[in-house]
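Okay, structure first, notes after.
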Amino acid sequence: MKKMTWLFAIILLLAACSSEPKSTNTKEELAPKTNESSPTEDEKKEAEKEEPVNEEVSSIEEEGTYIGMIDNNSIEVEAAGETLVLRLTDEVREVVESLKDGSKVNIIYKKNNEGQWVLEQITEESAPEAAPTKKLTYIAGGVTIEEDAVLTESELEYHFYKLPDFEFTAEEPRKDLLFATKFAETFVRIEPLSEESSIDDLKEWAKDELEAIGEVSEVNGKDVAGEAFEKTSLFITASKDSYKKYIVIQDLNNGDQVKYTVNLPEHKNADKWEQAIWAMLSTLQTK
């Protein structure tokens, strides 16, 4: 009995030893543990927001008024209620050089990487065709007069509307004459000025010419001739006895300048003809 007990004890001992895990010479390489946890979805989205996004800059198209060159590489354009400074590219430089200050234009531009506005395209808007006739209204002797005027074109690249009491003819050099049909001494000499014209010299010559008549006075063009003459580089007059004369240099909206010499001798229709002349000249536009 005692032998059986020892035999049973030995069996139990062997069974216990066989249940222990066997050791091996192979070591498992465990993944290194870190203190950082995987980013959450919200963290990923926040990181995406912080990364710079290279979005394509869109071009802007607008209508405006060409003001002029600032220097060889930039221009000014009045558009959308503000003055834009636009850098030039080689593609638009030739077109810009052909534009007159004050021209109505269509522009396409965008901002470059340096934050500068760059002109991509500029085209001059075509002026609408002038109507063959137009009603002109003016006041003479306190009476409002309304008459039909006819579109009249000059070889000097301008046009205006002429009233029936007047004739129009070319005069050399580079001058035209608009005069009263019944009294040719009442006239206005029209002279479009070139960019090379010296305004200072013209002013001096104009004063000398009027001083031969009488005392020279500088007057307000808008008060004398109407809204169209609000912008003038010169508006002077002199008179003697029954003769009055004006010399005017008008600044047109497109930047061009035109000189007018207006002769008004005494005549029963002198007041009417003077107001008619201002009405006609107020319609003058260069091409």
Side-chain angles (χ1 to χ4, degrees), residues 136-143 145 147 149 152 154-156 158-194 196-252 256-286:
L136 297 187
T137 302
Y138 57 96
I139 299 173
V143 178
I145 301 172
E147 295 181 297
T152 303
S154 168
E155 293 180 357
L156 302 180
Y158 69 85
H159 67 261
F160 71 100
Y161 286 89
K162 182 179 70 64
L163 290 168
D165 285 348
F166 291 81
E167 300 293 335
F168 179 73
T169 185
E171 185 183 51
E172 297 295 338
R174 284 191 57 80
K175 298 180 181 70
D176 292 326
L177 205 63
L178 176 65
F179 59 93
T181 306
K182 294 182 178 179
F183 193 62
E185 287 83 353
T186 297
F187 68 85
V188 51
R189 180 171 287 110
I190 303 172
E191 181 182 357
L193 300 179
S194 66
E196 293 75 26
S197 300
S198 170
I199 301 302
D200 290 336
D201 288 344
L202 289 172
K203 287 180 179 180
E204 289 299 319
W205 297 335
K207 289 179 181 179
D208 291 343
E209 185 176 343
L210 292 187
E211 284 175 352
I213 299 171
E215 183 178 353
V216 178
S217 300
E218 187 170 348
V219 293
N220 186 300
K222 182 179 177 181
D223 292 342
V224 173
E227 296 283 346
F229 291 88
E230 183 174 8
K231 295 180 180 179
T232 56
S233 295
L234 184 71
F235 205 120
I236 56 177
T237 185
S239 59
K240 181 179 180 181
D241 299 332
S242 56
Y243 177 71
K244 181 167 58 174
K245 188 171 186 175
Y246 291 95
I247 297 181
V248 179
I249 297 177
Q250 184 187 21
D251 303 321
L252 301 179
D256 287 344
Q257 293 181 306
V258 186
K259 179 184 174 184
Y260 307 116
T261 303
V262 184
N263 278 19
L264 297 167
E266 185 177 7
H267 191 279
K268 63 179 181 179
N269 291 325
D271 182 52
K272 177 186 176 184
W273 287 341
E274 177 180 348
Q275 299 309 314
I277 285 172
W278 299 132
M280 289 186 287
L281 295 181
S282 68
T283 69
L284 190 146
Q285 295 182 27
T286 54

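Starting from 1, each residue takes its place in the sequence as its number.
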**Message:** Taking the basic N atoms (NZ, or NE/NH1/NH2) and the acidic carboxylate oxygens, is any pair closer than 4.0 Å for Glu209 and Lys245?
**Reply:** yes
**Message:** To the closest 0.5 Å, what do you measure between OH (Tyr260) and CG (Asp176)?
**Reply:** 11.0 Å
**Item:** Inter-residue atom distance Leu178.CG - Ser154.OG, 0.5 Å rounding
**Value:** 11.0 Å
**Message:** Looking at every non-hydrogen atom in both residues, tell me the closest pair between Ile145 and Ala140 and how far apart they are.
**Reply:** CD1-CB, 4.0 Å
**Request:** Evaluate the ring planes of Phe183 and His267, with Trp represented by its six-membered ring, and classify them as parallel (under 30°), tilted (30 to 60°) or perpendicular (over 60°).
**Result:** tilted
**Fill in**
When every non-hydrogen atom of Val216 is compared with those of Lys207, the smallest separation belongs to CG2-O, 3.9 Å
**Item:** Val224 versus Glu274, closest heavy-atom pair with distance
**Value:** CG1-OE2, 4.5 Å
**Request:** Not counting sequence neighbours, which residues clear ring pair (Phe, Tyr, Trp, His ring centres under 6.0 Å) with Phe168? List them please.
**Result:** Phe160
**Message:** Rounded to the nearest 0.5 Å, what separates atom NZ in Lys259 from atom CD in Glu191?
**Reply:** 5.5 Å
**Item:** Check: Gln250 side chain, Ala228 main-chain N or O, donor-acceptor pair, under 3.5 Å
**Value:** yes
**Donor-acceptor under 3.5 Å (Asn269 side chain, Lys272 main chain)** = no
**Item:** Polar contact flag, side-chain donor to acceptor under 3.5 angstrom, Tyr138-Glu147
**Value:** yes
**Prompt:** Out of curiosity, Leu234 CG to Glu204 CD, how far, rounded to the nearest 0.5 Å?
**Reply:** 10.0 Å
**Request:** Check whether any side-chain heavy atom of Thr237 lies under 4.5 Å from a side-chain heavy atom of Val262, and answer yes or no.
**Result:** no
**Asked** Between Ala149 and Leu163, what is the shortest heavy-atom contact and its length?
**Response** CB-CD2, 3.9 Å
**Asked** Can you check whether Phe235's main-chain N or O pairs, donor with acceptor, with Thr232's side chain at less than 3.5 Å?
**Response** no
**Complete:** Rounded to the nearest 0.5 Å, the CG atom of Asp241 sits from the CD1 atom of Ile213 at a distance of 11.0 Å
**Message:** Among residues at least two apart in sequence or on other chains, which ones pass ring pair (Phe, Tyr, Trp, His ring centres under 6.0 Å) with Phe229?
**Reply:** Trp278
**Message:** Go through it in stages, so that I can follow the logic: the residues are Thr261 and Ile190, the test is side chain to side chain contact (heavy atoms under 4.5 Å, CB included), and I'd like the CA-CA distance, side-chain angles, deciding distance and then a yes or no.
**Reply:** CA-CA 7 Å; Thr261 303; Ile190 303 172; over 6 Å; no
**Request:** Quick one: do Tyr246 and Val188 satisfy side chain to side chain contact (heavy atoms under 4.5 Å, CB included)? Show the steps, please.
**Result:** CA-CA 9 Å; Tyr246 291 95; Val188 51; over 6 Å; no
**Prompt:** Okay, side chain of Thr283, backbone of Tyr161: is any donor-acceptor separation there less than 3.5 Å?
**Reply:** yes
**Prompt:** If we ignore angles and hydrogens, is there a donor and acceptor under 3.5 Å between the side chains of Thr181 and Asp165?
**Reply:** no
**Request:** Flag yes if more than 12 heavy atoms outside Glu266 fall under 6.0 Å of its CD atom; otherwise flag no.
**Result:** no
**Prompt:** Do Asp251 and Asp256 pass the side chain to side chain contact (heavy atoms under 4.5 Å, CB included) test, and can you show the C-alpha distance, the side-chain angles, and the key distance before you say yes or no?
**Reply:** CA-CA 6 Å; Asp251 303 321; Asp256 287 344; over 6 Å; no
**Prompt:** So Met280 and Leu136, side chain to side chain contact (heavy atoms under 4.5 Å, CB included) or not? Walk me through it.
**Reply:** CA-CA 8 Å; Met280 289 186 287; Leu136 297 187; 4.1 Å; yes
**Asked** If we ignore angles and hydrogens, is there a donor and acceptor under 3.5 Å between the side chains of Gln257 and Ser197?
**Response** no
**Asked** Is there a side-chain contact between Leu156 and Arg174 (heavy atoms, below 4.5 Å)?
**Response** yes
**Message:** How long is the straight-line distance from CG of Leu202 back to OG of Ser233, given to the nearest 0.5 Å?
**Reply:** 10.0 Å
**Message:** For Tyr243 and Asn263, which I'm curious about, is there any donor-acceptor pair between the side chains at under 3.5 Å?
**Reply:** yes
**Prompt:** Do the non-hydrogen side-chain atoms of Ile249 and Val258 ever get within less than 4.5 Å of each other?
**Reply:** no
**Glu167/Lys162 under salt bridge (Lys or Arg N to Asp or Glu O under 4.0 Å): CA gap, chis, key distance, verdict** = CA-CA 8 Å; Glu167 300 293 335; Lys162 182 179 70 64; 5.1 Å; no
